[in-house]
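Side-chain atoms are counted along with the backbone in the values below, which use heavy atoms only and exclude waters and symmetry mates. Throughout, protein chains are lettered first and strands after them, A, B, ... in sequence-line order, and every chain is numbered starting at 1.
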Protein chains: 2
Amino acid sequence: MTSPPQRPDLAAMLAPLLRETAAAELPVLEEHGLTMWGYSVLVALDRSSMRTQAALAEAIRADKTRIIPTLDELQAQGYIERRPDPDDRRVRLLAITESGRAVKDAAQTAIQRGEDRWLSKLSPTDRDAFLRALQQLTDAQP
Amino acid sequence: MTSPPQRPDLAAMLAPLLRETAAAELPVLEEHGLTMWGYSVLVALDRSSMRTQAALAEAIRADKTRIIPTLDELQAQGYIERRPDPDDRRVRLLAITESGRAVKDAAQTAIQRGEDRWLSKLSPTDRDAFLRALQQLTDAQP
DNA sequence: TATTGTTATACTCTATAACTATA
DNA sequence: TATAGTTATAGAGTATAACAATA
């Protein structure tokens, strides 16, 4: 007595996909002098400036201690601003700079060029639905 | 001069999704007395028996040393068979047992029940396309 | 005393290398 | 000598805990 046929569970399908997309991104990011975490920070700060490092860490689901070396580097590269809040000098105000936005846009464009080639394995209909579903599920995150 | 609006890159969308689906699986697996790696091994051996542990490790993209404690545990639980090949006693023949298949099916069913509730956020059309695309992209793995 | 950011420590997971047994 | 499996060691990445500055 065997069970009915089952589809693979989502995590089992997502894991190799993430591994592959992340592996494809890495060399592109490296060409632009960015790490995965650095890129992640730039994307987040491009969406909106942040008033504390803790808030930024939470936004990208990282530990607050983990992003500190990343912020040090991005600041040294001139890609972010990070200055004490005059009203509360414990707090660091974080924002992306002009050149930070430029390098982030360049990297993002290059990454998506690769991904588009990859997504072309799908029919246009499935491709659109896939991206739409992905975005919906990601946004629905609690 | 800013770039045109861009969609998030795939890895950035896949990462939180994987994290969430994996986190949802964990307690279910625990209820069935399985670890993530143990479950992964059972799914692989359910698809097909393996002649060596190295082949199994490669099939689930794991290091051959990493799965040994997992195999020890599964064997002790009676979920897999693992006996030396009489023709080459260096080799271990691996197969899932009846009870191994039963626990794997039970866990998989429970996991998918949770995922279906989760996927119901999508329209039926998008849901089907999403799963189809996911499977296509996963299969296309080199 | 509570909070932000930082540094130092410990822990988990994984891979590398050394070892045993078979061939 | 080469290979499958195992064990022991070391490394990377991460989180936890202690610390300094400010409120």
Residue closer to the 5' end of DNA chain D, A/Pro86 versus B/Leu71 (nearest nucleotide): B/Leu71

Nearest-angstrom distance from the residue atom CD of B/Gln53 to P of C/dA21: 16 Å

Worked verdict on B/Arg90 versus B/Asp85 for salt bridge (charged side-chain N to carboxylate O under 4.0 Å, His left out): CA-CA 7 Å; B/Arg90 293 173 302 182; B/Asp85 183 345; over 6 Å; no

Phosphate-side-chain proximity, B/Arg82 and D/dT6, N/O vs OP1/OP2 below 4.0 Å: yes

Between P of C/dT4 and CG of A/Asp85, the distance in whole Å: 12 Å

Between D/dT22 (C1') and A/Asp87 (CG): distance, integer Å: 13 Å

Protein-nucleotide distance (B/Lys64, atom NZ; C/dT16, atom C1'), rounded to Å: 11 Å

A/Lys104 and A/Leu34: CA distance, side-chain angles, deciding distance, side-chain contact (heavy atoms from CB on, under 4.5 Å) verdict: CA-CA 9 Å; A/Lys104 173 243 144 202; A/Leu34 293 173; 5.6 Å; no

Out of D/dT16, D/dT7, C/dT4, whichever nucleotide has its closest atom nearest the side chain of B/Ile68: D/dT7

A/Thr21 (side chain) donor-acceptor with B/Leu10 (main chain) under 3.5 angstrom: no

Below 4.0 Å: OP1/OP2 of D/dA15 and any side-chain N or O of A/Arg66: yes

Distance below 4.0 Å between B/Arg90 side-chain N/O and D/dT3 OP1 or OP2: no

Whole angstrom value for the distance that separates C1' of C/dG5 from CG of A/Leu56: 13 Å

Integer-rounded Å distance: D/dG5 P and B/Met50 CE: 12 Å

Whole-Å distance separating the CG atom of A/Asp88 from the C1' atom of C/dA2: 12 Å

Residue whose closest nucleotide on DNA chain C lies nearer the 5' end, A/Val91 versus A/Asp72: A/Val91

Salt bridge (charged side-chain N to carboxylate O under 4.0 Å, His left out) between B/Arg113 and B/Glu115, worked out: CA-CA 5 Å; B/Arg113 213 169 12 237; B/Glu115 289 180 348; over 6 Å; no

Nearest-Å distance for atom pair CZ/P, residues A/Arg89 and D/dT22: 5 Å

Nearest-nucleotide pick for B/Thr52, side chain only, options being C/dT6, D/dA4, C/dT16: D/dA4

Side-chain H-bond candidate by donor/acceptor type, B/Gln53 with B/Arg92, under 3.5 Å: no

Out of D/dT14, C/dT4, C/dT16, whichever nucleotide has its closest atom nearest the side chain of B/Asp63: C/dT16

